[in-house]
Amino acid sequence: MEFTLLFLAIAVVMLAAWRGPRPLALGLFAAVMIACVATYLHHATDTLKLSF
């Protein structure tokens with residue numbers, strides 16, 4: 001679900017970059033990049049339950 005929200009957020013950023021003012025688009029882009037890094041770190045620190 002969080003990946004869907006990130007994808008939709010990126011779509012909003014693209015619309016803001018196309019139609020809105022530049023500072024708004026840059027601010028939204030920075031916020032989405034922070035959310036992407038936070039999501040990555042959340043999943044990268046999970047331990048894998050592997051059984052061989």
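Below, all heavy atoms of this structure are taken into account, side chains as well, without hydrogens, waters or symmetry copies.
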Which pairs with one or both residues in residues 8-27 pass side-chain hydrogen bond (donor to acceptor under 3.5 Å, both in side chains), sequence neighbours excluded? none

Path from L28 to I10 over hydrophobic side-chain contacts below 4.5 Å: yes

Here the pair of heavy atoms bringing A17 nearest to A25 is CA-CB, 3.6 Å

Under the rule for side chain to side chain contact (heavy atoms under 4.5 Å, CB included), what residues qualify as partners of P23, not counting sequence neighbours? P21

Donor-acceptor pairs under 3.5 Å, side chain of residues 32-44 to any protein atom, not counting sequence neighbours: which ones?
residue: T39; atom: OG1; partner: A35; partner atom: O; Å: 2.8
residue: H43; atom: NE2; partner: E2; partner atom: OE2; Å: 2.7

Count I, L, V, M, F, W, Y as connected when their side-chain heavy atoms are under 4.5 Å apart, and connections chain through other members. Are V12 and L24 then in the same cluster? no

